[in-house]
Amino acid sequence: MPELPEVETTRRGLEPALEGRVIARVLVRNPALRWPVPPEVALAAGQTVSGCRRRAKYLLIDLGDRNPADNGLMIHLGMSGSLRICDSADAPRKHDHFDLVLDNGFCARFNDPRRFGALLWWRGEAENHQLLRDLGPEPLTDDFTGEVLWRRSRNRKGAVKNFIMDGKIVVGVGNIYASEALYMSGIHPARQARRISAARYEALAGAIRDVLARAIRSGGTTLRDYLNSAGRPGYFARDLLVYEREKQPCFQCATPIRRQVIGQRSSYYCPRCQR
DNA sequence: CTTTACGCCTGACGGC
DNA sequence: TGCCGTCAGGCGTAAA
C-alpha cells in the first residue's frame, strides 16, 4: 500500500526512465479508476518530460518546453497501484490500466487491482490544482516542524493519530507510518491532539521524518501488493516496530502490542510505552 | 471551523 | 471444494 515512501521510491525509478523522453502517446486500456481518466491526458502525446515530481502522494509529470512546466500528468497510486517501466510490446496483465508510451519503445505501465488510483491532467501550476491546493507541508522539508504540529493541534479534540494522518496538517503519513511514528515517540495513538505538549510534538515530528526517511532508504514497505517501478517489493516491512504486530512482544518492554480501531483504521501500539 | 461516516474496488482469508 | 462474509486501505465527499 503506497504511502509517501512507496510513492517517492516509484518517483525515483521513473525519473531516469522518463526525463528528457518524448511521450509518444497515452494508451488507456481501462479508464475506470477513482475518477474516469479524462480525455485531456491525450495532450501529453508529443510532449517532452521535463521533470518527475512528487507532492504528497501524487506523482507529477512535467511536460512541455516551459520552465516551470505549465501542464502535465498527475498520477495517484491509491491503495494498490503500481507503475513499472517495461517494453511497450510486453503483453498487458490483469488490471493494467494505462501506458505512458515513450519514444524509445518503453513505457510506464500502471497496474491497479483496486482502482483507487488516478490519472489526471493539470495545467497552469500543479500546486494550484484542486487536489493539491490545501495540502499541508511535506514532512521531509524544513516547513514541517513540531512547532507546526503543536500550533495546529490546539483546538483538535480528535485522536492524535487522525490528526497526523490529516493531509491538511502534514502530507504523506498513512496508516502504517502513523502507528510507527507514534510508537517511536511514546505517544498513545488515541490521545487527544490538543492534550500533547510542544516538546512531545517535537519528538513526534522527528519520528515522522525519521521513519519516512528510513522507509525510503529501504525502498518502501511491501505488505501485500506494493511494487516499485522495476516490479520489485520494498523491504521496510521487516523494520516495522508495531504495525501488524498485535499480541507480539514490544521490542522495548515485551508487553504484547495492541490493536485498536481509531477513525475506522487499525492502529497498533504498546500500552506500556505509549501514553 | 472540526469531526465523523461512507463509498469506491478486488483479493485474501476464515468459517462452514 | 465452493460460497459467502469480512477486512484491508487513500482520501474525497457529504453530512453532522
Side-chain angles (χ1 to χ4, degrees), chain A residues 1-11 29-38 54-60 74-83 92-98 110-120 122 129-136 138-139 149-181 189-196 208 212 215 220-227 233-234 236-237 240 242-247 259-268:
Chain A
M1 2 180 136
E3 295 191 24
L4 186 145
E6 293 73 40
V7 180
E8 178 61 20
T9 301
T10 298
R11 188 198 70 75
R29 292 194 180 80
N30 180 359
L33 287 170
R34 169 144 205 191
W35 298 283
V37 174
R54 177 187 59 73
R55 173 72 173 114
K57 295 175 191 167
Y58 294 91
L59 290 164
L60 302 170
M74 181 154 75
I75 299 170
H76 198 292
L77 301 180
M79 263 289 302
S80 58
S82 60
L83 270 168
R93 307 176 188 187
K94 198 175 183 186
H95 305 306
D96 279 345
H97 284 261
F98 64 84
F110 183 80
N111 183 282
D112 187 5
R114 293 184 193 173
R115 300 198 220 160
F116 288 178
L119 172 64
L120 299 169
W122 57 271
H129 191 281
Q130 172 103 38
L131 293 169
L132 306 185
R133 195 179 339 177
D134 300 321
L135 293 177
E138 286 288 328
L149 285 182
W150 179 79
R151 188 158 23 87
R152 306 244 0 223
S153 65
R154 292 307 81 195
N155 63 339
R156 304 280 290 221
K157 297 184 183 182
V160 61
K161 176 157 178 280
N162 295 338
F163 175 66
I164 60 171
M165 288 179 68
D166 182 344
K168 295 196 199 65
I169 303 301
V170 57
V171 302
V173 183
N175 202 41
I176 298 172
Y177 300 112
S179 278
E180 293 296 307
R191 175 171 284 272
Q192 280 192 5
R194 65 176 180 177
R195 295 193 52 239
I196 293 169
I208 289 171
L212 292 177
T221 302
T222 297
L223 283 177
R224 289 170 188 89
D225 38 21
Y226 166 73
L227 298 173
F236 196 68
L240 295 175
V242 287
Y243 191 79
E244 287 199 338
R245 293 196 63 244
E246 185 181 16
K247 295 180 178 146
R259 185 181 84 97
Q260 181 181 337
V261 175
I262 300 171
Q264 286 100 268
R265 291 281 183 281
S266 287
S267 308
Y268 299 85

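Convention: sequence-line order gives letters A, B, ...; per-chain numbering from 1. Just so you know, these numbers use all the heavy atoms, side chains as well, and skip hydrogens, waters and symmetry mates.
The side chain of R156(A) contributes an N or O atom lying less than 4.0 Å from OP1 or OP2 of dT3(B). Contact annotation: S266(A) reaches the phosphate of dA8(C) (side-chain N/O to OP1 or OP2, under 4.0 Å). For the OP1/OP2 pair of dT3(B) and a distance below 4.0 Å, the side-chain nitrogens and oxygens of K157(A) include no atom meeting the criterion. Taking side-chain N and O atoms only, R259(A) has a distance below 4.0 Å to OP1 or OP2 of dA8(C). Phosphate contact (OP1/OP2 of dT10(B), side-chain N/O of R115(A), threshold under 4.0 Å): present. Regarding contacts with the backbone of dG11(B), a side-chain N or O of H95(A) is found under 4.0 angstrom from either OP1 or OP2. Side-chain N/O atoms of R114(A) include none lying less than 4.0 angstrom from OP1 or OP2 on dG10(C). Between Y177(A) and dG10(C) there is no side-chain N or O to OP1 or OP2 distance below 4.0 Å.
Looking at every heavy atom in both residues, F110(A) comes nearest to A118(A) through CZ-N, 4.5 Å. Minimum heavy-atom separation, P139(A) to V170(A): CB-CG2, 3.8 Å.
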- Task: Decide yes or no on side-chain contact (heavy atoms from CB on, under 4.5 Å) for E3(A) and K57(A), but give the supporting numbers first.
- Result: CA-CA 7 Å; E3(A) 295 191 24; K57(A) 295 175 191 167; 4.3 Å; yes
- Task: Please lay out, stage by stage, how D112(A) and S80(A) fare under the test side-chain hydrogen bond (donor to acceptor under 3.5 Å, both in side chains).
- Result: CA-CA 5 Å; D112(A) 187 5; S80(A) 58; 2.6 Å; yes
- Query: Checking side-chain contact (heavy atoms from CB on, under 4.5 Å) for the pair L131(A)/R133(A): CA distance, chi angles, key distance, verdict?
  - Reply: CA-CA 6 Å; L131(A) 293 169; R133(A) 195 179 339 177; over 6 Å; no
- Between S153(A) and R194(A), is a side-chain contact (heavy atoms from CB on, under 4.5 Å) present by the stated rule, with each step listed? CA-CA 5 Å; S153(A) 65; R194(A) 65 176 180 177; 5.5 Å; no
- Message: Run Y58(A) and L132(A) through side-chain contact (heavy atoms from CB on, under 4.5 Å) and show every step you take.
- Response: CA-CA 9 Å; Y58(A) 294 91; L132(A) 306 185; 3.4 Å; yes
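With rounding to whole Å, K94(A) atom NZ is found 8 Å from dT10(B) atom C1'. Atom CZ of R34(A) is separated from atom P of dC11(C) by 8 Å (rounded to the nearest Å). Distance K57(A) NZ to dG10(C) C1': 6 Å, rounded to the nearest Å. What separates CD of Q130(A) from P of dT13(C) is a distance of 7 Å, to the nearest Å. In this structure, Y58(A) atom OH and dG10(C) atom C1' are separated by 9 Å, rounded to whole Å. At whole-Å resolution of the value, CG in N30(A) and C1' in dT10(B) are 13 Å apart. Protein atom CZ of R133(A) is 17 Å distant from nucleotide atom C1' of dC11(C), rounded to whole Å. Atoms CD (Q264(A)) and C1' (dT4(B)) sit 7 Å apart, rounded to a whole Å.
Between R55(A) and E138(A) there is a salt bridge, since at least one side-chain N of the basic residue sits less than 4.0 Å from a carboxylate O of the acidic one.
In this structure the side chain of N111(A) never reaches within 4.5 angstrom of the side chain of H97(A), judged on heavy atoms.
In this structure, the aromatic ring of F116(A) is not positioned over the six-membered ring of the base of dC11(C) within 5.5 Å between centres and 30° between planes.
Map R152(A) and R265(A) each onto its nearest nucleotide of DNA chain B; the residue landing nearer the 5' end is R152(A).
Of the residues in residues 160-173 of chain A, not one comes within less than 4.0 Å of DNA chain B through any heavy atom.
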Review item, side-chain donor-acceptor pairs of residues 157-169 of chain A, under 3.5 Å, at least two apart:
unit_1  : atom_1 : unit_2  : atom_2 : d
K161(A) : NZ     : N175(A) : OD1    : 2.7
K161(A) : NZ     : S267(A) : OG     : 2.9
D166(A) : OD1    : K168(A) : N      : 2.9
D166(A) : OD2    : R156(A) : NH2    : 3.0

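Taking five base pairs at each end of the helix from dT2(B)-dA16(C) to dC16(B)-dG2(C), the local helix axes there meet at an angle of 50°, rounded to 10°.
Across all strands, D112(A) comes closer than 4.0 Å to no nucleic acid atom at all (heavy-atom distances).
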